[in-house]
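Quick caveat: nothing in here was measured; it's all calculated off a predicted structure. Note that these values count all heavy atoms, side chains included, but never hydrogens, waters or copies made by symmetry.
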Amino acid sequence: MARQLSGKRPKDLKFTLHALLSYMGRHKVLLLLVAVLVAVSAIANLMGTYMIRPIVNTLAGGDYGALVRGVLITAGIYLTGVLCSYGYTQTMVKAAQQVLYDIRRDLFAHLQTLPLEFFDSQRHGDVMSYFTNDVETISDAMNNSFVMVIQSFIQVVGTLTILFILNWRLSLVVLVCYGLMFWYIRYSGSRSKMYYSRQQACLGDLDGYVEEMVNGQKVIKVFNHEGENLQAFQEKNESLRKAGTGAQSYASTMVPAVVSISYINYAIVAVLGGIMALQGLTDVGSLASYLVFVRQAAMPINQFTMQGNFLLAALAGAERVFQVMQLEPEVDEGQIDLVHVQKQADGTLAPCGEKTGAWAWHRPDGTLVPLRGEVSFRDVAFAYESGHPILKGITLTAKAGQKVALVGSTGAGKTTITNLINRFYDIQKGAIIYDGLDIREIRKDALRQSLGIVLQDTHLFTGTIADNIRFGKLDATQEEVEQAAKIANADSFIRRLPQGYQTMVTSDGANLSQGQRQLLAIARAAVADPPVLILDEATSSIDTRTEALIEKGMDQLMEGRTVFVIAHRLSTVRNADLILVLEHGEIVERGNHQELLAQKGEYYQLYHGMFELS
C-alpha cells in the first residue's frame, strides 16, 4: 500500500563495514586499548614459544643456571600475557556494549522519523527483528570476533616471521600450506555470506509471521485455521532451515579443512626438519621450537575460521540494520509553528511562554494567525500507489466549530481524508488549507498538536490508566485526567477497577473490554483539548446503551471544535452540520441530514438500509 521509499540500499560489504567501523570509531580509545592489550598478549604467546629454543639448547649444554633464568623469563612472559588477556576481555565488554547501545539508540531514533507508510508496509515482527536478531548478531561478533581477529592476525604474521627466522627453507613449505588454507577460507566464506544474508531475511520473516499469528489467536481458533497456519509456518521454517543449512554447510567445513592441511604441513615439516638436523643444517633447539610453532600455526587460523560464523552473521544482520537507517526520514518542510498567545491591551496577540489556553500559528516573518480550526480541501487528489487513485478532486470546507460527517461504503476514502489532515501522507494534487495556511507550510509536530484523533483500533500502552489518558497531554494534572474521563463517561468504570486510575494496563489493554479501551481513547483525546477533533468510528466498540450515555459527554467534547466524524451509526451523524457522502473517492452528495433525505439519493438509501439493519 505504501509507496517505495527512496534512500540508499546498500548491498555491498564495503558499505556495511564502513558503517560498522564508524560506530566503533566513536569509542576508539577503548578499542585502541583493547588492540594494544591483545597485541601484547599475542606477542607474549609467540615469545613464550620462541623461548623453547634457548632453553633446549641450554639444557643440552648443561648450564643449569642459564636454564633457570630462561624458565623464569618464560614464566614472566606468559604472566604478562595472562594479565593482558584479563585486561582486554574486561575492556572489550565495555566497548562492545557502548557500540551496541549507540546502534540501538540511533536505530530507534531513526525509526521514529520514518513516515507512516514504512510501518504500513512492514510487519511488526520484522521491525522487532532488527532490534533482536540482527543487533544480537552484531553483539556476538563484537564480544567474540573483534579480539580474535586482531589476535589471529598478529599470531599469523608473527608466527610466519619467526618461522622464517628459525628456518627459511622449511618455511617455504609452511607458506604454501598457509596459501591453501586462506584460499579455502575465502572460497567458503564468500558462499556462506550469501546464505547468512538469506538466513537473516528468513528469520525476520518468520518472526513477523509468529508475532502476527500470536496476536490473532482468537480469530485463528474461531475459524479453525490452526492447520493452515501450521502449514504456512512450516514453509517459512523450511526456508530458514535451508538458508541456515547452506550457511553452516560451508562455514562448518572451514575448521576441519584448516586442521587437515595443518596436520599434513606438520608431517612434511617434521620429516624434512629431522633430515636437516641429521645433516647438521639446523640445531635441535631451533627444530624443537620450529615444530611447536608449526603445530601452533594453525591455531590462529582455526580461531579465525571458528569466528567466521559470527562475522558472516554479524555482517548480514548489520547490513539489514544499516539499510533501515539509510531510509530517508519523513520530510518536514514546514516553518510555521504553534505557540501560546495572550491578548494585549490593544487587542493584538503576542506570543507567551506560559500556557494560556489560547494558540496561534507563528509565521517565519513573526506574524500570528489565530488558531480557529477551519479546514478546507481544494481539489485534492491522492493515491497510495501510482495508478490507483483513492481520492479524486475532493473539495470541502469545514468551518471553525462545525461538525462534518463522512459516510460511504468501505474503501470510499473516508479514513484517507483524516490521514491527510494529519499529514500521515502527503497529497499529490491540490491543497489542504488550515486557518488560511497550506498545511505543508506548518511543522508536522505543530499541526498534529492541534489535532485530536480517536481511532477505531485503540492502542493502549503499558502503564496505569491515568498514564494512558495523560498520553494526550503529558503534563496533565490528575484533576484534568479525571475531568477528561468524566467527559468520555469512563470515570465510573475506572473507579470500579481494583486500583482505580492507578490500575496497570498490560498487553495493549487485554485486562479491559474493547468498549472500555475505546472510552479511554476518547478520554485521551479529551485531555488534549484540541481545536480540531477526528473521530474515526470512535463509538464502534461501544454498545448502544453506553453510546447513549456518552452522547452528552461527546457533545460536550465536540462543543466549539471542528469535528470530522467517520461513522456508520446514524446516531452519530444525524446532528452533523455537514454530511459528505463519498463513493469511489468522490463526494457524490453533501448537505445536512434533512437535506440529504429530501434528495432521496445515496444517503437516503444508506440511511434506510442501516435503519432496517438496526
Side-chain angles (χ1 to χ4, degrees), residues 105 108-109 111-113 116 330 332 334-343 349-362 368-373 421-424 434-435 442-455 458-495 497 499-506 508-509 512 516-535 538 553-554 556-563:
R105 178 198 60 203
F108 186 81
L111 284 175
Q112 302 300 299
T113 69
L116 190 65
E330 187 175 21
D332 187 2
Q335 296 182 332
I336 299 175
D337 208 351
L338 187 64
V339 296
H340 288 281
V341 292
Q342 62 181 0
K343 188 172 289 188
L349 297 177
C352 177
E354 300 177 359
K355 298 177 181 179
T356 61
W359 299 85
W361 302 110
H362 188 264
L368 296 173
V369 178
L371 174 58
R372 302 185 307 276
I421 297 174
N422 282 282
R423 283 197 73 189
F424 288 156
Y434 193 169
D435 288 336
I442 303 174
R443 288 169 46 119
K444 288 185 177 181
D445 56 349
L447 173 68
R448 292 165 185 169
Q449 187 178 358
S450 72
L451 302 171
I453 185 167
V454 181
L455 300 171
T458 303
H459 181 76
L460 299 180
F461 299 92
T462 299
T464 65
I465 294 285
D467 289 338
N468 272 276
I469 296 176
R470 196 175 281 114
F471 200 82
K473 182 183 177 184
L474 295 178
D475 59 350
T477 63
Q478 184 63 28
E479 290 74 19
E480 290 175 320
V481 168
E482 293 178 6
Q483 180 59 32
K486 290 176 181 177
I487 292 175
N489 204 46
D491 181 71
S492 60
F493 94 77
I494 293 175
R495 294 189 182 279
L497 294 174
Q499 284 81 41
Y501 282 88
Q502 300 308 311
T503 300
M504 289 295 297
V505 176
T506 57
D508 200 14
L512 301 174
Q516 289 173 333
R517 294 199 291 269
Q518 198 76 52
L519 291 174
L520 292 182
I522 296 172
R524 182 187 292 168
V527 79
D529 194 27
V532 176
L533 188 63
I534 298 171
L535 306 175
M554 288 289 288
Q556 183 179 347
L557 175 62
M558 292 185 289
E559 186 177 353
R561 310 178 199 275
T562 306
V563 182

Please enumerate all residues that pass side-chain hydrogen bond (donor to acceptor under 3.5 Å, both in side chains) together with Arg372, with sequence neighbours excluded.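 Scan of Arg372 (side-chain hydrogen bond (donor to acceptor under 3.5 Å, both in side chains), adjacent residues dropped) gives none.
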
Validation row: [X], [Y] side chains within 4.5 angstrom (heavy atoms):
X	Y	result
Phe461	Val505	no
Tyr434	Leu371	yes
Arg443	Asp332	yes
Leu520	Ile494	yes
Asp445	Gln449	no

Could you report the tightest heavy-atom contact between [X] and [Y], atom names first, then the distance?
X	Y	result
Thr503	Gln499	OG1-N, 3.1 Å
Ala523	Ala485	CB-CA, 4.0 Å
Val454	Ala521	CG2-O, 3.8 Å
Leu368	Pro351	CD1-CD, 3.7 Å
Ser450	Leu447	OG-O, 2.6 Å
Gln502	Ala466	NE2-CB, 4.2 Å

Rounded distance [0.5 Å steps], [atom1] in [X] versus [atom2] in [Y]:
X	Y	atom1	atom2	value
Glu482	Ile487	CD	CD1	12.5 Å
Asp491	Ile465	CG	CD1	11.5 Å
Leu533	Ile522	CG	CD1	9.5 Å
Leu512	Gln518	CG	CD	12.5 Å
Gln516	Phe493	CD	CZ	4.5 Å

Would you say Phe424 has more than 12 foreign heavy atoms packed within less than 6.0 Å of its CZ?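 Yes, the 6.0 Å shell around CZ holds more than 12 heavy atoms from other groups.
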
Please answer whether the main-chain N or O of [Y] pairs with a side-chain N or O of [X] as donor and acceptor at a distance below 3.5 Å.
X	Y	value
Thr562	Val532	no
Glu480	Thr477	yes
Arg517	Leu460	no
Arg448	Arg423	yes

Would you sort out whether Lys473 and Val527 count as a side chain to side chain contact (heavy atoms under 4.5 Å, CB included), showing the intermediate values? CA-CA 6 Å; Lys473 182 183 177 184; Val527 79; 4.2 Å; yes

Check the side chains of Asn468 and Tyr501 for a donor-acceptor pair under 3.5 angstrom, ignoring hydrogens and angles. no

So, Asp337 and Trp361: side-chain donor and acceptor under 3.5 Å apart, yes or no? no

Could you go step by step and tell me if Val339 and Val341 meet the side chain to side chain contact (heavy atoms under 4.5 Å, CB included) rule? CA-CA 6 Å; Val339 296; Val341 292; 4.0 Å; yes

Qualifying residues under salt bridge (charged side-chain N to carboxylate O under 4.0 Å, His left out), relative to Arg470, sequence neighbours excluded: Asp467

